[in-house]
Amino acid sequence: MSVIGKTWHAPRVCGNCCTTVEHLGVAFGRNVVLSDVSLRMNCGELIAIVGPNGAGKTTLLKAILGEVPHTGRIAFSIRGAASATPRLGYVPQRLNFDADSPISVSDFIASGISRYPVWLGVSASLRRRCRAALERFSAEHLLKRRLGELSGGELQRVLLAMAMEPVPHILLLDEPITGIDAKGLSVFYQTVCELRRKHDVAVMMITHDLPAIAPHADRMVFLRQSVLAEGKPAEVMANADLLVSLGSNLWTISQFSESVVKREDDHDRPLS
Amino acid sequence: MIDLFHRIAESTPVFDCLKYDFMKRALLAVALGTPMFALLGTMVVSNRMVFFSDVLGHSALTGVAIGVIMGLMDPLWSTLVFAVALAIAVNIFTRTTRAANETVLGVFLATTVALGIVLLSRGGGFAKFSGFLIGDILAVSPRQLTILAVLFAAVLAYWVLALNGLVLVSISQSLARSRGKSAFVIETSFAVLLAVVVTFSIRLVGILMINSLLVLPAAAARNLACNVRSYTLWALALSMFSGFAGLFASYYWGTASGATIVLFSALFYMIAAACGGWWRGQAPARN
């Protein structure tokens, strides 16, 4: 994604912010979704959250967003300040909106980054900002399109563009690669890695595509209600018991572990 | 302001019915009410609150009944309090239960309508309340016009302050949250505003018609618009045009104004639905 180099401005994040999740618990009625989850995430780090369906991965992101009530503590510290409000970028797993809604891409981005009401139109300067945000992901041609008529991959790029404008401290990605083709996928991983390197953005990404994320992730967290394993991707994935619980049809475990070990030469010591 | 409006109305020869004060007042009510409904309607439709606003309108039956039982001279206030309380209750209820939104709304609709009818029909006297069902815009009083103007100003102010939040929430609540906008606060404040406007307008257009006035112009506009601005402008134009056309038609046909306005809106909806694809196809040429 060569466009990134052209439009990128100087990093705006500090370089030493940190997110701490301590003994997090979430329950909906009697249904315990998360219990005693503790995590630490530094800026510039990419953490892959993996786990079976219903493991509470999305709920964890929503707790960090402040959308679901929880027990325990989620603290952000920026440059030594004990508590601070970080800028969050978020790409949801799927959007459940009316595809027939007359909301254009520029309306959508403008409504997120500006207080000027979009029903009065999007001003030229705001439109330039939206275009610049889209250019980072080679999606500027989508500016005038209706949100509902975009393909899965196009929508994903628009969501990423919005999540990165302004550059957040923490980027939360909930299965962001659903609906992206193979070519788009490699571009996507390249982009995410470039983002965190250049801007020290902490990235937390939920994914089921372990082989693809493994070479890029600093750490992998296997979540099922609580953190069952955490460490270098190769370490977590070498823990075959956990992988089996994910469902053997997702990938062939042996093949998968091999590929990971090859790519993660330095850290090939298994957990168990 | 009203004087100026009267003078303009009288100097237009085509609309000789405007020699009557009640028609002038009704025209002013339409001029204030229809753009307000159009604005609210755009987000009612976008945020899938069509059924919810219908429930709000019908809940007026119970609100009126409570007022009558309490011996209020004007049941408007009891209706208002009831509708606002209901709006908040539904918002909290749909978030805390796992039941589908429309199921919850269906239960609220059934309960409020039944309760209202039971209370109002005690002693077989429901007929005298049938005015609430169809409303009467021709009977609008100067005081009601003042309240309409205040409400219109409130809706405009809300639209300037909170529309971006409503747009974001209509796409994704979590995404809105990541931008520091609480879906609960936005949806509840919008529901309360809607409750106040709907309750007040019941007298003018009736319980049966209020929701159509909200929904139809926005529904028609969706077929024609490609962004929020054109969506809003189309809804405003269609709503106001149907309002004026319906008002004059109802005068000459001797029909209920609210329902006649709705018929015009429905006509525009059908035209927009038929031509929408073609019109939007022309969009690249216009840009």
Side-chain angles (χ1 to χ4, degrees), chain A residues 28-29 31 58-59 61-62 64-69 85-122 143-149 155 158-159 162-163 165-166 168 170-172 174, chain B residues 38-39 42-43 45-50 95-98 156-184 218-236 273 276-277 280 283-284 286-287:
Chain A
F28 298 123
N31 179 18
T58 297
T59 307
L61 290 202
K62 289 192 171 177
I64 295 176
L65 281 175
E67 205 190 353
V68 295
T85 313
R87 254 197 315 274
L88 299 172
Y90 174 62
V91 176
Q93 183 177 10
R94 70 180 87 82
L95 292 178
N96 178 26
F97 71 102
D98 194 340
D100 210 27
S101 261
I103 297 174
S104 69
V105 170
S106 66
D107 285 333
F108 172 61
I109 298 180
S111 68
I113 64 177
S114 161
R115 299 179 78 89
Y116 188 78
V118 288
W119 67 284
L120 295 174
V122 179
L143 195 67
K144 285 182 176 173
R145 298 270 297 278
R146 276 162 69 128
L147 212 53
E149 62 185 29
L155 186 59
V158 169
L159 289 171
M162 180 162 165
E165 178 62 40
I170 303 165
L171 182 61
L172 303 167
D174 194 347
Chain B
L39 287 180
T42 55
M43 285 301 128
V45 175
S46 278
N47 285 277
R48 298 177 185 168
M49 291 166 79
V50 173
R95 272 160 207 280
T96 49
T97 61
R98 296 230 140 196
L156 273 180
Y158 187 84
W159 237 238
V160 169
L161 293 173
L163 182 93
N164 287 4
L166 277 170
V167 169
L168 275 188
V169 167
S170 79
I171 303 288
S172 160
Q173 299 201 350
S174 306
L175 195 64
R177 185 76 216 194
S178 75
R179 296 276 154 180
K181 290 176 167 127
S182 156
F184 178 74
R222 285 163 83 78
N223 291 301
L224 305 167
C226 41
N227 57 45
V228 175
R229 182 162 168 264
S230 61
Y231 180 32
T232 310
L233 291 177
W234 271 115
L236 283 170
R280 287 210 312 246
R286 283 198 305 275
N287 282 330

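Naming: A, B, ... by sequence-line order, numbering from 1 per chain. Everything numeric here is computed off the predicted structure, so don't read it as measured data.
- Interface residue B/L163: only side-chain heavy atoms are found under 4.5 Å from chain A.
- Proximity to chain A (any heavy atom under 4.5 Å) is shown, for B/S178, by both the backbone and the side chain.
- Only the side chain of A/L147 comes within contact range of chain B, with heavy atoms under 4.5 Å apart.
- Between B/L175 and A/M162, the shortest heavy-atom distance links the atoms CD2-CE, 4.4 Å.
- Residues A/I113 and B/R179 have side chains in contact (heavy-atom distance under 4.5 Å, counting atoms from C-beta outward).
- By number of non-hydrogen pairs under 4.5 angstrom with chain B, the leading residue of A/F97, A/F108, A/Y116, A/W119 is A/W119.
- Between the side chain of B/N164 and the backbone N or O of A/V118, at least one donor-acceptor pair lies under 3.5 Å.
- Heavy atoms only, all atoms of each residue included: B/S174 and A/E67 are closest at OG-OE1, 2.7 Å.
- Residues A/K62 and B/R177 are not in side-chain contact: their nearest non-hydrogen atoms beyond the backbone lie 4.5 Å or more apart.
- If you measure heavy-atom distances from A/L61 to chain B, you find no contacts under 4.5 Å at all.
- Across every non-hydrogen atom of B/R222 and A/P102, the tightest pair is NH1-CD, 3.8 Å.
- Put simply, CD on B/Q173 and CG on A/N96 are 10.0 Å apart, with the number rounded to the nearest 0.5 Å.
- Contact record, A/G112 with B/L168: CA-CD1, 3.8 Å, taken as the closest heavy-atom pair.
- Between chain B and the residues A/V68, A/V91, A/I103, A/V105, the largest count of heavy-atom pairs under 4.5 Å involves A/I103.
- For the pairing with B/V167, the side-chain contact (heavy atoms from CB on, under 4.5 Å) check across A/S101, A/S111, A/P117 returns one residue only, A/S111.
- Of the atoms belonging to B/L233, not a single heavy atom falls under 4.5 Å from chain A.
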